[in-house]
Each structure stands twice: as structure tokens, then as C-alpha cells.
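Read the structure below first, then the notes.
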There are 2 protein chains.
Amino acid sequence: MKNSQLYKGSLNTIIMKLLEENGRMYGYEITQKVKLITAGELNITEGALYPALHKLEAEGLLDVEVEKVDNRLRKYYKLTESGQKETVNRLAELEEFIRNMQNLVTPKQNPDLQF
Amino acid sequence: MKNSQLYKGSLNTIIMKLLEENGRMYGYEITQKVKLITAGELNITEGALYPALHKLEAEGLLDVEVEKVDNRLRKYYKLTESGQKETVNRLAELEEFIRNMQNLVTPKQNPDLQF
DNA sequence: AATGTATACATAATTTTCTTATGCATATAC
DNA sequence: GTATATGCATAAGAAAATTATGTATACATT
């Protein structure tokens, strides 16, 4: 993961969301998809991605299938059942997080809150 | 900082934004304000906050004024001129970050992007 | 009198997460 | 033959946080 350090801590959530959406993906594919979605803003580094994938797998949230395509190895990851449940929680947390950060940047003009 | 690990990396930006908005604040006040704004969701821990304030000060982004109020010590922090400039950049980064994360959670139905 | 909660600062040890650097290997374009 | 793209991996180090303490004042409760 690179750039503004704000992305720290969001890699796992990003991976899980993409897998939920796309069924299965391999590491390199994830980096390219993220680059595309963020218009080149976020480049996931391999040093961050692969350890993260291995950890999610070790936690039982992801399953792997190895395939050889064009004489090159690919490791396809997909969410386990447990991973799908956890993804729901992570996405809820992410939305809460985004809401909170927006409230910090653009303080509500809510008369109920005195600040 | 606590909770969903998504907040990792956002503490400096939060501090600077609050100081930009409120002129000057002391550490404990920052923790309470954040708790209020996020409806108790985000609790900044002292072990994260104080080192962060000291570092921002060391980088010349914050100035300190020590005051004794009600026989208790307070260290008021405010943005330096350099800190104000930097805050503009950090907030731009934060908004970009939020946009990107939203695009990940809620993929755009933009026909220009093929994914 | 003792205990708990709130206010207010601080640091040290450890953990988590990421960056940076490196390594291996295949395929294609220049 | 050199560079770029594809595809995986790990190791050393840095950065940022958590967790656990420590000090001190003030006020409320038991």
C-alpha cells in the first residue's frame, strides 16, 4: 500500500470487498483493479499484499486455488463462508469509518450536537 | 486510537483538522471532542495521542503553550503557519482517500470505467 | 477514611502494518 | 539484450498504534 498513509489498516477490507464482488481473484489482479478504481492513486505493493493474503487465509477467511495460466502461476483467492460473514462486518465498519471521517472534515450543522 | 483499525494513519490528520477549526486545544480536549463527533465510536488513546502531538510539534507543525487551569496542567496546541499550509494538503488527501474508499465500497456505475 | 471517576500529562514494551529492497521466473516488445 | 509486464514470495526496517503503567489533582460516593 502506498501514498498518504491514510490507507494504513484498510488493505484487508479492500481485499475482502473485491473478493465479495468478483468471486475470485489473484494477487496481481487485485493490485491492478485497485489501481483502476482509484485512478492510479492507490498502488498496493507486493510486500503488503502477499503477507495480507496469507494472513487472511491462515485466519480461515480466504481459500486458495492454484492454477497455471499461460505457463504462469496464479493463486486465486476467494472468501470462505466465514470470510463472507466477516466481510459484512468489515464493510459496516468501513462505512461507519467514512461517516466519522466526513463528520470530522465537514462538521455537522446539527443543532443537537454542541461543538 | 481504537476500534476498527481503519483509523490507523488518520490520527495526525484528525488532530490538525480539529486545531484548524478550533484555534487551539489541549490533548484531553481532543480526545473528548473526537468521542463526541464520532458518537463514542472512536476513542483516541493517550499512548497514541501524546506521542503524535510531540512529533507534530517536533516537525514544526504545532506550537505549544502551557497553562495551569484549576490547578491542573494543560498544554494547548495550535497550528504554526507551516502547519496551516500542511493541513490544507492533508485534508485534500483525506477527501481523496474517502472518495477512493467509497468507490471501492460502492463501485461507480460509470460507463467510462470498465470494471 | 477509602474508593472510584474524571481530568491531565507522559512513556515503555510490544504488536501490527506497511515500505523498501530483493529474489525467482515467464512472456512480449523494442 | 534490455526493458516492461505478469506473477509469486520474503526479509529488514520503519511507522503507528495498543496495552500497560506511572504521576497528580479534584470531586463524589460509600
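A, B, ... follow the sequence lines: proteins, then strands. Residue 1 opens every chain.
Atom-to-atom, NZ of Lys55(A) to P of dT10(D) comes out at 15 Å; the value is rounded to the nearest Å. Residue Glu29(B) contributes atom CD, which lies 15 Å from atom C1' of dA6(C) at whole-angstrom precision. Per the geometry, CG belonging to Leu6(B) stands 13 Å off C1' belonging to dT17(C), to the nearest Å. Separating the CG atom of Leu49(B) from the C1' atom of dT19(D) is a distance of 16 Å, rounded to the nearest angstrom. Tyr26(A) places its OH atom 14 Å from the P atom of dA9(D), with the value rounded to the nearest Å. Computed from coordinates, the Leu53(A) CG to dT10(D) C1' distance equals 14 Å when rounded to whole Å. Regarding Lys8(A), its NZ atom lies at a distance of 5 Å from the C1' atom of dA15(D), rounded to whole Å. Atoms CG (Leu42(A)) and P (dT17(C)) sit 17 Å apart, rounded to a whole Å.
Applying the 4.0 Å criterion to OP1 and OP2 of dA15(D), one finds that Gln5(A) has every side-chain N and O outside that range. Remark: His54(B) is in phosphate contact with dT11(C), judged by side-chain N or O atoms under 4.0 Å from OP1 or OP2. When the side-chain nitrogen and oxygen atoms of Tyr50(A) are compared with OP1 and OP2 of dA9(D), none of them lie within a distance under 4.0 Å.
Side-chain proximity of Thr45(A) to the nucleotides dT11(C), dT20(C), dC8(D) is greatest for dT20(C).
Judged by closest nucleotide on DNA chain C, Gln32(B) is the one of Pro51(B) and Gln32(B) placed further toward the 5' end.
In this structure, Ser10(A) contributes its side chain and Tyr7(A) its backbone to a donor-acceptor pair below 3.5 Å.
Residue Gly27(A) is classed as a sugar-phosphate contact, given heavy-atom separations below 4.0 Å to backbone atoms only.
One finds the OG1 atom of Thr87(A) at 11.5 Å from the CG atom of Leu94(A) (value rounded to the nearest 0.5 Å).
Below the 3.5 angstrom threshold, one finds a donor paired with an acceptor across the side chain of Glu46(A) and the base of dC8(D).
Residues from residues 60-78 of chain A with heavy atoms under 4.0 angstrom of DNA chain D, sorted by number: Arg72(A), Leu73(A), Arg74(A), Lys75(A).
Taking Glu95(B) as the reference, nothing meets the salt bridge (Lys or Arg N to Asp or Glu O under 4.0 Å) condition, with sequence neighbours excluded. Judged as a side chain to side chain contact (heavy atoms under 4.5 Å, CB included), and not counting sequence neighbours, the contacts of Lys35(B) are Gln32(B), Asn43(B). Residues that satisfy the side chain to side chain donor-acceptor pair (under 3.5 Å) test with Glu86(B), not counting sequence neighbours, are Asn89(B), Arg90(B).
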Between side-chain atoms of residues 55-70 of chain A and protein atoms elsewhere (two or more places apart, or another chain), which donor-acceptor pairs fall under 3.5 Å?
| residue | atom | partner | partner atom | Å |
| --- | --- | --- | --- | --- |
| Glu65(A) | OE1 | Arg24(A) | NH1 | 2.8 |
| Glu65(A) | OE2 | Lys78(A) | NZ | 2.7 |
| Glu67(A) | OE2 | Arg24(A) | NH1 | 3.0 |
| Glu67(A) | OE2 | Arg24(A) | NH2 | 3.0 |

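Within the structure, ring pair (Phe, Tyr, Trp, His ring centres under 6.0 Å) contacts touching residues 61-90 of chain A (residues at least two apart or in different chains) are Tyr26(A)-Tyr76(A).
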